[in-house]
Amino acid sequence: MGEPLRQPLEPHRPYPVTAKRKLSSEIWKHRKEYLAISPFYILFAVFGLFPILFSMYLSFQKWDGIGVMTFNGVNNYRFMLTDPEFWKAVGNTLLIWIYSTIPMLFLALIVAFLLNASFVKFRTFFRIGYFLPNVTSLVAVSIVFSTIFSNNYGLLNYILTLFGLDPVEWLSHTWGIQLAVSVMVIWRWVGYNAVIYLAGLQSIPSVLYEAAKIDGASGIQAFFRITIPNLRPIILFTVITSTIGGMQVFTEPQVLVGNDGGANGGGLTIVLYLYREAFINNYFGYGSAVGWGMFVLIALFSILNWKVVQGKGTQ
């Protein structure tokens, strides 16, 4: 009898590499690249991610910054929702946002349209000039505006007396404080948003305007039928960023009228209220709760603005 047939031996196959081992090998393979970008992530983890997580933990604690932390549950949030000062700060912040953001974005759009016009000379000079307020020291700006709106020797009151009008105690009334803060915000951010709108205007094809001109459309019709629809994504971006910035107004009222928000608390914004409770009254746990409450308000308000702008754009 012949020898029995033997099955050929299969070549040896290594064990399948798990996803974890494969990931580790890929990281080790590109270790130089990861090492090159690691400083950013290390700094973000230390100065960004850790403070965020710690503030969440701290919002459930009672702590004065020095002593031992004690667990406080949701009492910080419960007190925040029932504190009239907090809701007053929310109302002041919303009013300042309305007084400043809507005129600011409207003026920025007009400025951008003029800077994009061919009949304007020295356009580069004006572009730089309009952007300069955004890089100016905010504390210095607040000090200058405090002299402009000063009750006794302010520039505005001096101009009013030249026309035979009585001086106005701007910083002694709620509306006057909010007006002064809003003017500062407008002055600072009009140029910044105008530069963003200008970039959007320059990306619109000129053939659209030429076709509209051939069809007999006026400049105003072209503005509302061509310019605004094409700028809708950029307008949405500026509305969202202005909402986030407007809800975080702090330096202007703090330098202008102090930590208590001035007369009747007219300049008490959410961030100023947080600063007062955390860093002056040493209620760090409650201050963290206010910070997370402000985060929720900003998120809800941003979503609302996004829905409004998107809804108008689809009509």
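In this text, all values refer to a predicted model and were calculated from it rather than measured experimentally.
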(request) Tell me, please, which residues at least two apart from Ser150 pass side-chain hydrogen bond (donor to acceptor under 3.5 Å, both in side chains). (result) none
(request) Return each pair, listed once, that meets side-chain hydrogen bond (donor to acceptor under 3.5 Å, both in side chains) where at least one residue sits in residues 283-301; pairs must be two or more places apart or across chains. (result) Ser55-Trp292, Tyr273-Tyr286
(request) Answer yes or no: is there a side-chain heavy-atom contact under 4.5 Å between Trp97 and Phe301? (result) yes
(request) Just jot down the side-chain hydrogen bond (donor to acceptor under 3.5 Å, both in side chains) partners of Tyr192, sequence neighbours excluded, or say none. (result) none
(message) Are there over 12 heavy-atom neighbours, none belonging to Tyr209, within less than 6.0 Å of that residue's OH?
(response) yes
(request) Identify whether Leu49 and Phe295 are in the same connected component of the hydrophobic contact network (ILVMFWY, side-chain heavy atoms under 4.5 Å). (result) no
(request) Among residues two or more places apart or on two chains, list those pairs meeting ring pair (Phe, Tyr, Trp, His ring centres under 6.0 Å) that have a residue in residues 149-169. (result) Phe149-Trp170
(request) Kindly compute the distance separating CD1 (Ile204) from CG (Asn230), expressed to the nearest 0.5 Å. (result) 4.5 Å
Donor-acceptor pairs are to be reported for all side-chain atoms of residues 253-266 against protein atoms at under 3.5 Å, with residues two or more places apart or in another chain.
| unit_1 | atom_1 | unit_2 | atom_2 | d |
| --- | --- | --- | --- | --- |
| Gln254 | NE2 | Asn259 | OD1 | 2.8 |

Donor-acceptor pairs under 3.5 angstrom involving side-chain atoms of residues 235-247: please list them, not counting sequence neighbours.
| unit_1 | atom_1 | unit_2 | atom_2 | d |
| --- | --- | --- | --- | --- |
| Thr238 | OG1 | Tyr197 | OH | 2.7 |
| Thr238 | OG1 | Ile234 | O | 3.3 |
| Thr238 | OG1 | Ile235 | O | 2.8 |
| Thr241 | OG1 | Phe237 | O | 3.0 |
| Thr241 | OG1 | Thr238 | O | 3.1 |
| Ser242 | OG | Thr238 | O | 2.6 |
| Thr243 | OG1 | Val239 | O | 2.7 |
| Thr243 | OG1 | Asn305 | ND2 | 2.7 |

(request) Mind checking the OG1-CD spacing from Thr93 to Gln248? Nearest 0.5 Å is all I need. (result) 10.5 Å
(request) Test side chain to side chain contact (heavy atoms under 4.5 Å, CB included) on Gln61 and Asn72 and set out the steps. (result) CA-CA 5 Å; Gln61 308 293 323; Asn72 202 26; 5.7 Å; no
(request) State plainly whether one hydrophobic cluster holds both Leu53 and Tyr77, where clusters connect Ile, Leu, Val, Met, Phe, Trp and Tyr through side-chain heavy atoms under 4.5 angstrom apart. (result) no
(request) Please tell me if the side chains of Asn76 and Met80 come closer than 4.5 Å, counting only heavy atoms from C-beta onward. (result) no
(request) Identify which one of Val90, Val249, Ile298, Leu94 satisfies the side-chain contact (heavy atoms from CB on, under 4.5 Å) criterion when paired with Ile270. (result) Val90
(message) Once side-chain hydrogen bond (donor to acceptor under 3.5 Å, both in side chains) is applied, what residue pairs with a partner in residues 171-184 remain, sequence neighbours excluded?
(response) Asn92-Gln178, Asn151-Ser172
(request) To the nearest 0.5 angstrom, please state how far the OG1 atom of Thr269 sits from the CG atom of Leu95. (result) 12.5 Å
Name each donor-acceptor pair under 3.5 Å that joins a side chain in residues 212-222 to protein atoms two or more places apart or in another chain, with its distance.
| unit_1 | atom_1 | unit_2 | atom_2 | d |
| --- | --- | --- | --- | --- |
| Ser218 | OG | Gln221 | N | 3.3 |
| Gln221 | OE1 | Ser218 | N | 3.0 |

(request) Answer yes or no: is there a side-chain heavy-atom contact under 4.5 Å between Leu201 and Thr227? (result) yes
(message) On a heavy-atom basis, which atom in Ala108 and which in Asn193 lie closest, and how many Å separate them?
(response) CB-CB, 3.7 Å
(message) I want to check something: taking the side chain as every heavy atom from C-beta on, are Thr251 and Val139 in contact at a cut-off of under 4.5 Å?
(response) yes
(message) Less than 4.5 Å apart, side chain to side chain, heavy atoms only: is that true for Phe106 and Leu109?
(response) no
(message) Restricting to non-hydrogen atoms, name the atom on Val141 and the atom on Met184 that form the minimum distance, rounded to 0.1 Å.
(response) O-SD, 4.3 Å
(message) Arg225: which residues meet the side chain to side chain contact (heavy atoms under 4.5 Å, CB included) condition with it, sequence neighbours left out?
(response) none
(message) Suppose we screen for salt bridge (Lys or Arg N to Asp or Glu O under 4.0 Å). Which residues come up paired with Glu85, at least two apart in sequence or across chains?
(response) Arg276
(request) Determine, step by step, whether Phe60 and Phe71 satisfy the ring pair (Phe, Tyr, Trp, His ring centres under 6.0 Å) criterion, reporting the C-alpha distance in whole Å, the side-chain angles of both residues, the deciding distance to 0.1 Å, and the verdict. (result) CA-CA 6 Å; Phe60 297 98; Phe71 181 71; 7.0 Å; no
(message) Taking Leu81's backbone N and O only, do any of them form a donor-acceptor pair with Trp87's side chain (distance below 3.5 Å, no angle check)?
(response) yes
(request) Measure across Ala112 and Ala194 and return the closest heavy-atom pair with its distance rounded to 0.1 Å. (result) CB-O, 3.4 Å
(message) Distance check, rounded to the nearest 0.5 Å: Trp63 atom CH2 versus Asn282 atom CG?
(response) 10.0 Å
(message) Are Asn157 and Leu160 packed together at the side-chain level, in the sense that at least one heavy-atom pair is separated by less than 4.5 angstrom?
(response) yes
(message) Let me confirm one number: the CH2-OH distance from Trp28 to Tyr34, rounded to the nearest 0.5 Å.
(response) 14.0 Å
(request) Flag yes if Val135 and Leu115 sit in one hydrophobic cluster, no otherwise; membership is Ile, Leu, Val, Met, Phe, Trp, Tyr, and two members link when side-chain heavy atoms are under 4.5 Å apart. (result) yes
(request) For residues Asn75 and Lys62, determine if any side-chain heavy atom of one lies less than 4.5 Å from a side-chain heavy atom of the other. (result) no
(message) Testing the basics here: between Pro39 and Ala36, what is the closest heavy-atom pair and its distance to 0.1 Å?
(response) CD-O, 3.5 Å
(message) Filter on side-chain hydrogen bond (donor to acceptor under 3.5 Å, both in side chains), then keep only pairs touching residues 38-47, sequence neighbours left out; what's left?
(response) none
(request) Treating Ile, Leu, Val, Met, Phe, Trp and Tyr as nodes and any side-chain heavy-atom pair under 4.5 angstrom as an edge, say whether Ile66 and Val68 lie in one connected cluster. (result) no
(message) Just verifying a value: how many Å separate Ile42 CD1 and Phe47 CZ, rounded to the nearest 0.5 Å?
(response) 11.0 Å
(message) Any side-chain to backbone donor/acceptor pair from Arg188 onto Val183? Under 3.5 Å, distance only.
(response) no
(request) Report whether Ile37 and Leu35 are members of the same hydrophobic cluster (ILVMFWY, side-chain heavy atoms less than 4.5 Å apart, transitive linking). (result) no
(message) Tell me every residue that passes ring pair (Phe, Tyr, Trp, His ring centres under 6.0 Å) with Phe54, counting only those two or more places apart in sequence or in another chain.
(response) Phe50
